[in-house]
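Predicted, not measured: the structure shown is a model, and the values here were computed from it.
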Number of protein chains: 2
Amino acid sequence: MTEVSSISRKEQVIRVAAELFREKGYVAASMRDLAQKLGIEAASLYSHIKSKEEILHVLCFDMAKDFMASLEKVESKQNLTASERLQQGIIGHVEVMAKDLTASAVFMNEHRHLSQPFLRDFLLLRINYINRFKLMIEAGMANGEFKKTIDKKLAVMTLFSSLNWMPLWYDPTSAIEPAVLGKQLSDMLVNGLKQNPT
Amino acid sequence: MTEVSSISRKEQVIRVAAELFREKGYVAASMRDLAQKLGIEAASLYSHIKSKEEILHVLCFDMAKDFMASLEKVESKQNLTASERLQQGIIGHVEVMAKDLTASAVFMNEHRHLSQPFLRDFLLLRINYINRFKLMIEAGMANGEFKKTIDKKLAVMTLFSSLNWMPLWYDPTSAIEPAVLGKQLSDMLVNGLKQNPT
DNA sequence: AATACAAACTAACACGCGTTAGTAAAACAC
DNA sequence: GTGTTTTACTAACGCGTGTTAGTTTGTATT
């Protein structure tokens with residue numbers, strides 16, 4: 001290799017593909033579109049990748065791995081209140097997303113076009129991730145920190161909806177840092193919009 | 001027509017198409033798939049619809065019309081607090097979605113495959129709808145009902161994320177009614193997860 | 001200079017796509 | 001009963017799809 005510092009051509013292909021998949025959706029994005037964006041012929045792509053789906057696979061599972069790693073880091077911490085743990089989980093999630101908003105958008109919107117058995121694997125990972133956030137919320141309800149009146153499924157789904165749509169409106173050039181955004185988001189979900197009477 | 005009570009064949013085609021578009025996505029769903037679901041040949045579809053996109057157009061804009069009508073009803077009410085108005089807006093939105101979860105999912109996920117100028121029209125409607133919810137939140141911040149510390153864009157985007165993902169997890173056969181769900185959702189966003197000190 | 005490898009090319013493949021043209025049969029209205 | 005409308009059919013169109021085979025070019029290593 002000429003320069004050790006530069007990313008491989010394969011990574012470059014995948015990165016440009018992510019942008020394309022985000023813009024047009026996985027199915028509507030053609031390999032010829034992708035090749036054009038890279039300034040090469042469509043057939044040349046196959047010197048770097050095995051198939052179109054391999055790109056999607058890499059994008060989805062790389063993101064999944066990062067999300068999992070972030071969550072495990074939070075889970076390993078001791079002596080946190082439920083609010084704190086939830087907040088740190090949310091901040092971690094936002095930070096992972098912010099590191100690659102394009103891949104995050106693909107991860108969120110296009111994973112369903114994975115074929116079996118990868119789709120099954122992906123969905124199992126996802127369920128697992130969500131359930132571990134659900135446990136945080138349940139812990140808060142159990143120790144009186146959170147209300148018990150709110151439906152758990154609603155709570156966790158609202159949380160994930162909020163998180164997962166972020167790539168669609170978050171401006172990466174904005175001054176606001178991911179950690180701050182995550183904090184604001186968790187504050188909103190935990191404390192609500194209403195003025196506190198304190 | 002033989003029976004006035006039965007829906008037209010065109011409506012039937014669109015309804016089945018909605019299910020298909022939801023399952024596979026608009027681009028991945030082929031007219032041959034759709035025809036098979038209806039037990040006819042693909043070419044026969046064109047006795048009822050002008051094009052594949054017409055189906056998407058009808059699905060998206062019919063939903064948009066319902067959302068707008070619901071919002072206008074809430075806006076016309078007098079003497080409501082910001083919380084009440086927001087809650088009723090949310091309940092209305094949930095009710096419209098619950099009336100046709102399939103079309104709602106298509107509306108949310110597939111609208112981007114509309115071609116111009118329909119896509120532009122659609123996005124303008126959507127921005128307008130979101131802005132009117134934003135006004136409700138701003139009114140609450142202005143009169144001291146809501147905190148001013150929360151970023152408005154974050155607040156309204158969190159709201160819409162939560163709302164729009166509902167079709168992906170809401171179980172239409174569940175005992176919980178749309179109005180109740182909407183109420184819980186608005187309660188969560190307004191008051192938060194945390195136990196109130198009252 | 002010889003070798004190895006990465007990265008691109010041209011040409012083509014089989015296939016599925018949305019859609020049109022023209023037609024046939026059934027169900028309706030009068 | 002005749003004319004009209006609805007609903008479906010068969011056959012085919014041009015085009016875009018992901019992908020392959022085989023080859024060439026340039027660069028880096030020995």
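Taking a 6.0 Å sphere around CZ of Arg132(A), one finds it holds more than 12 heavy atoms contributed by other residues, nucleotides or ligands.
With rounding to whole Å, Lys52(A) atom NZ is found 14 Å from dT20(D) atom P. Atom OH in Tyr26(A) sits about 9 Å away from atom C1' in dG18(D), given to the nearest Å. The separation between Glu53(B) atom CD and dG18(C) atom C1' is 12 Å, rounded to whole Å. Per the geometry, CG belonging to Leu34(B) stands 12 Å off P belonging to dC17(C), to the nearest Å. Between Leu45(B) atom CG and dA8(D) atom P the separation is 9 Å, expressed in whole Å. When rounded to the nearest whole Å, the span between CD1 of Ile49(B) and P of dT7(D) equals 13 Å. Between the P atom of dG18(C) and the CD atom of Gln36(B) lies a distance of 13 Å, rounded to the nearest Å. For the pair Leu20(B) CG and dC17(C) P, the computed distance is 11 Å after rounding to whole Å.
Note on Val27(A): it clusters hydrophobically with Leu59(A), by side-chain heavy-atom contacts below 4.5 Å among ILVMFWY residues. No chain of hydrophobic side-chain contacts below 4.5 Å, direct or via other Ile, Leu, Val, Met, Phe, Trp or Tyr residues, connects Met188(B) to Ile91(B).
Looking at heavy-atom distances under 4.0 Å, Ala28(A) makes no contact with the nucleic acid at all.
Under 4.0 angstrom from either OP1 or OP2 of dG16(C) there lies no side-chain N or O belonging to Ser30(B).
A heavy-atom distance below 4.5 Å is found between the side chains of Ser115(B) and Glu53(B).
In this pair, Phe107(B) and His111(B) present their aromatic rings tilted. The plane angle is within the 30 to 60° band. Classified by interplanar angle (parallel below 30°, tilted 30° to 60°, perpendicular above 60°), the ring pair Tyr129(A)/His93(A) is tilted.
Side-chain atoms of Arg32(B) stay outside donor-acceptor range of the base of dG16(C), with no qualifying N/O pair under 3.5 Å.
At least one test fails for Lys152(A) against the ring of Phe146(A): distance under 6.0 Å to the centre or angle within 45° of the axis.
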Distances under 3.5 Å between nitrogen or oxygen atoms of protein and nucleotides 4-9 of chain C:
from, atom 1, to, atom 2, distance (Å)
dA8(C), OP1, Arg9(A), NE, 3.1
dA8(C), OP1, Arg9(A), NH2, 2.9
dA8(C), OP2, Arg9(A), NE, 3.1
dA8(C), OP2, His48(A), NE2, 2.8
dA8(C), N7, Ser47(A), OG, 3.0
dC9(C), OP2, Glu41(A), N, 2.5
dC9(C), OP2, Ser44(A), OG, 2.8

